[in-house]
Amino acid sequence: MKVKVINKSKHGLPQYQTEAAAGLDLNANLSEPITLGPLERVLIPTGLFMELPVGFEAQIRPRSGLAFKHGLSVLNSPGTIDADYRGEVKVLLVNLSNEPFVVQDGERVAQMVIAKHEQIAWEEVEVLEDSARAAGGFGSTGK
Ligand SMILES: O=c1ccn([C@H]2C[C@H](O)[C@@H](COP(=O)(O)OP(=O)(O)OP(=O)(O)O)O2)c(=O)[nH]1
Ligand SMILES: [Mg+2]
């Protein structure tokens, strides 16, 4: 997959940490650390510019360790990177803890899963096909 990297020498390309990992860990690409206070949000640059093949998207997801230990999440999780996006991939981090968190340059702040997706074409109809579920939802099947 095509990728352009700013400051590659600093962090290299995002890597899968284990053989069958789904997510590529994304490094913060910062000139100086950023302090994220309680309930604050910030866009973290990654230095990555990608050209996803058409029919693929990238999902930006939190890392569970940062979430568990520090209350950090990705506010718009899963963030969506479109195949036609040519800007820098950024991570919208939010601090849901009561303590400030300092994001360091190179820190693995989130992970990115590349996934196939479909685009649909609408076909407007007057009546939809019956189903067993019908309009049931939001707990309609019980606890
Ligand atoms: O976590 C994210 C989410 C999005 N983007 C970039 C890539 C994506 O293709 C573009 C638009 O994202 P989205 O469609 O989620 O945002 P929007 O608010 O609908 O903006 P737009 O009007 O530009 O589509 O922003 C990121 O870098 N990180
Ligand atoms: Mg959009």
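Just follow the structure's listing: the first ligand is 1, and inside any ligand the first atom is 1. No hydrogens, no waters, no symmetry mates; every other heavy atom, side chains included, goes into these values.
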Engineer: Quick one: does Glu88's side chain have a donor or acceptor within less than 3.5 Å of a partner on Gly47's backbone?
Structural biologist: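 Flag set: sc Glu88 to bb Gly47 pair under 3.5 Å.
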Engineer: Can you check whether Leu66 reaches Leu93 side chain to side chain, under 4.5 Å on heavy atoms?
Structural biologist: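 A side-chain contact under 4.5 Å is absent here.
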Engineer: Looking at Arg86, I'd like to know if its CZ atom is crowded, meaning that more than 12 non-hydrogen atoms belonging to other residues, nucleotides or ligands lie closer than 6.0 Å.
Structural biologist: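 Yes, the 6.0 Å shell around CZ holds more than 12 heavy atoms from other groups.
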Engineer: Kindly tell me which protein residues have any non-hydrogen atom under 4.0 angstrom away from an atom of ligand 1, grouped by chain and ordered by number?
Structural biologist: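 If the criterion is a heavy atom under 4.0 Å, then ligand 1 touches Asn76, Gly79, Thr80, Ile81, Asp82, Tyr85, Glu88, Val89, Lys90.
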Engineer: side-chain hydrogen bond (donor to acceptor under 3.5 Å, both in side chains), that's the test. Do Gln59 and Glu57 meet it? Break it down for me.
Structural biologist: CA-CA 7 Å; Gln59 301 171 0; Glu57 57 149 345; 2.7 Å; yes
Engineer: Can you measure from CG (Asn27) to CG (Asn29) and round to the nearest 0.5 angstrom?
Structural biologist: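 Reported to 0.5 Å precision, the distance equals 8.0 Å.
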Engineer: Determine whether Arg133 and Thr141 make a side-chain contact, defined as any pair of heavy atoms from C-beta on separated by less than 4.5 Å.
Structural biologist: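 Yes, close enough: below the 4.5 Å cut-off.
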